[in-house]
Amino acid sequence: MARGAAMVLLPLLWLTLAWAKQASAAEVVAPAHVQQGALVYARVPSGSRVSYEGRSLNVTDYGTVVFGIGRDAKGVARLHVTPPGQAEQVVTVEIRPRDWPIERVNGVPPKTVSPPPDIARRIAREQKKVTAARADSNQGLGFAEHFIWPVRGRISGRFGNQRVYNGTPGSAHSGMDIAVRTGTPVKAPASGTVVLAEPDMYLTGGTVLIDHGYGVGSNFLHLSKLDVAVGDSVAQGDIIGEVGATGRATGPHLHWGMTWFSTRIDPLLVLQRGD
């Protein structure tokens, strides 16, 4: 069996066996509660029609669906499931709030905080590329693997925390920063397809996006070197580039962000799922 296929089948087998202990094939199994920023895995009868917040979700042959909970989501998430030959079921998942501390980041280039018009237009063009790369997703099964750390190091920035750059309030931090030396190899945390590879984006510098399938994606920012190109298939653990300090960065680190389509999710919660 090919390495990538084996790595995908093992976690899927684990999911199938674990869920089989909790419910019959005719039942829906979802967590009772999750945190803001979570990636949620649920089990539904094979062949079900499923939707979340108006988006139809693809269901794997194993009956797995996945969706993301945003940083600011509140209340309950409602998953609409229609099993074959049955009436629609609405499954609710409680969303538990988190505290979001303020992170002050000083010493970043002023033009990256309050960019002049020409730079602002460049940033807008580059953001359109990123948005387009996240708009679609393939049927790859990397999302079901137990994700690994792309690099190991000190967490210097956490998902969701409010950022203040040079005293100017910015948007909430969209990923997890891991402080390591320039040139440290970056590994793919799960298998997937490279959907964007740009060596010099204004804010994010060397940038790689990987589609792990079913809407789940990873982004790696501030890279000093890219070792992949758009269209490449990567297996978990493959080297995709090297850590750097390109773009809006005050020192070498890897920014690892994760998304479910346009919803930003916390990579640390995804890692904890495999612990």
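Along the sequence shown, the residues carry numbers beginning at 1.
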Considering all heavy atoms of both residues, which atom of S224 and which atom of G183 are nearest to each other, and what is their separation?
OG-N, 4.2 Å

Mind checking whether M201 and I240 sit in one hydrophobic cluster, side chains of I, L, V, M, F, W, Y counted as touching below 4.5 Å?
no

Given side chains that start at C-beta, do those of R43 and T60 come closer than 4.5 Å, heavy atoms only?
no

Does a side-chain N-to-carboxylate-O contact under 4.0 Å join D266 and R158?
no

For a 4.5 angstrom cut-off between non-hydrogen side-chain atoms, does V186 reach I239?
no

Out of curiosity, I148 CD1 to Q236 CD, how far, rounded to the nearest 0.5 Å?
4.5 Å

How many angstroms lie between CZ in R134 and CG in L209, if you round to the nearest 0.5 Å?
5.5 Å

Note: M258 and N219 closest approach over all heavy atoms is N-ND2, 4.0 Å

With sequence neighbours excluded, residues passing salt bridge (charged side-chain N to carboxylate O under 4.0 Å, His left out) with R122:
E126, D200

Side-chain donor-acceptor pairs under 3.5 Å in residues 249-257, sequence neighbours left out?
unit_1: H253; atom_1: ND1; unit_2: G251; atom_2: O; d: 2.9
unit_1: H255; atom_1: ND1; unit_2: H173; atom_2: NE2; d: 3.2
unit_1: H255; atom_1: ND1; unit_2: D177; atom_2: OD1; d: 3.2
unit_1: W256; atom_1: NE1; unit_2: S218; atom_2: OG; d: 3.1

Spell out, yes or no, whether L223 and L221 are grouped together once hydrophobic residues are joined by side-chain heavy atoms under 4.5 Å, including indirect joins.
no

Would a distance-only check, ignoring hydrogens and angles, find a side-chain to backbone donor-acceptor pair under 3.5 Å from T207 to G205?
yes

Side-chain heavy atoms of I102 within contact of N161, under 4.5 Å:
no

Surrounding CG of D118 (heavy atoms of other residues, nucleotides or ligands, distance under 6.0 Å), is the total greater than 12?
yes

Only residue of V81, V66, V65 satisfying side-chain contact (heavy atoms from CB on, under 4.5 Å) with V59 is V65

Using a 3.5 Å distance criterion without hydrogens, assess whether the side chain of T184 forms a donor-acceptor pair with backbone atoms of R181.
yes

When the side chains of residues 137-144 are checked against the rest of the protein, which donor-acceptor pairs come out under 3.5 Å, sequence neighbours left out?
unit_1: S137; atom_1: OG; unit_2: D211; atom_2: OD1; d: 2.8
unit_1: S137; atom_1: OG; unit_2: D211; atom_2: OD2; d: 3.4
unit_1: S137; atom_1: OG; unit_2: Y214; atom_2: N; d: 3.2
unit_1: S137; atom_1: OG; unit_2: G215; atom_2: N; d: 2.7
unit_1: N138; atom_1: OD1; unit_2: G140; atom_2: N; d: 2.8
unit_1: N138; atom_1: ND2; unit_2: T193; atom_2: OG1; d: 3.3
unit_1: Q139; atom_1: OE1; unit_2: Y214; atom_2: OH; d: 3.0

State plainly whether one hydrophobic cluster holds both I265 and V130, where clusters connect Ile, Leu, Val, Met, Phe, Trp and Tyr through side-chain heavy atoms under 4.5 angstrom apart.
no

Side chains of V93 and L79, heavy atoms from C-beta outward: is any pair under 4.5 Å?
no

Nearest heavy-atom approach of G160 to R71 is O-NE, 2.6 Å

Apart from F159 itself, its cluster of hydrophobic side chains linked below 4.5 Å comprises W100

Stepwise side-chain contact (heavy atoms from CB on, under 4.5 Å) check, H146 with L271:
CA-CA 7 Å; H146 285 162; L271 287 171; over 6 Å; no

Co-members of V90 in a cluster of I, L, V, M, F, W and Y side chains, linked at under 4.5 Å
none

Applying side-chain contact (heavy atoms from CB on, under 4.5 Å) to H80 and T82, what does each step give before you reach the verdict?
CA-CA 7 Å; H80 296 259; T82 306; over 6 Å; no

Backbone of S262 reached by a side-chain donor or acceptor of T259 within 3.5 Å:
no

Take atom CZ in R78; do more than 12 heavy atoms of anything else shown fall under 6.0 Å from it?
no

Identify, with sequence neighbours excluded, every residue that meets side-chain hydrogen bond (donor to acceptor under 3.5 Å, both in side chains) alongside D72.
none

If we only count heavy atoms from C-beta on, is the L39 to Y41 side-chain gap below 4.5 Å?
yes

Side-chain polar contacts of residues 225-232 - donor-acceptor pairs under 3.5 angstrom, sequence neighbours left out - could you list them?
unit_1: D232; atom_1: OD2; unit_2: A229; atom_2: N; d: 2.8

Transitively linked via ILVMFWY side-chain contacts under 4.5 Å: L196 with F261?
no

Should side-chain heavy atoms under 4.5 Å link Ile, Leu, Val, Met, Phe, Trp and Tyr, which residues sit in the same cluster as I119?
I123, Y202, L203

Beyond-backbone contact of P189 with F220, side-chain heavy atoms, under 4.5 angstrom
yes

Joint hydrophobic cluster, V40 plus L268, side-chain heavy atoms closer than 4.5 Å
yes

Distance only, no hydrogens: is a donor on one side chain within 3.5 Å (strictly under) of an acceptor on the other, for E145 and S191?
yes

Can you list the residues that meet the salt bridge (charged side-chain N to carboxylate O under 4.0 Å, His left out) rule with K129, with sequence neighbours excluded?
E198

Min side-chain heavy-atom separation L269-Q35 under 4.5 Å:
yes

Side-chain donor-acceptor pairs under 3.5 Å in residues 47-58, sequence neighbours left out?
unit_1: S48; atom_1: OG; unit_2: P45; atom_2: O; d: 2.6

Please enumerate all residues that pass salt bridge (charged side-chain N to carboxylate O under 4.0 Å, His left out) together with E94, with sequence neighbours excluded.
R96

With a sphere of 6.0 Å drawn around CG of D136, does it hold more than 12 non-hydrogen atoms of other residues, nucleotides or ligands?
no

Lys NZ or Arg CZ of R273 over F147 ring: under 6.0 Å, within 45°
no

Residues which pass side-chain contact (heavy atoms from CB on, under 4.5 Å) with R154, listed by chain and number, not counting sequence neighbours
S156, A179

For I210 and A188, which heavy atoms make the closest approach, and how far apart are they?
CD1-CB, 4.2 Å

Check whether any side-chain heavy atom of Q36 sits under 4.5 Å from a side-chain heavy atom of I95, and report yes or no.
yes

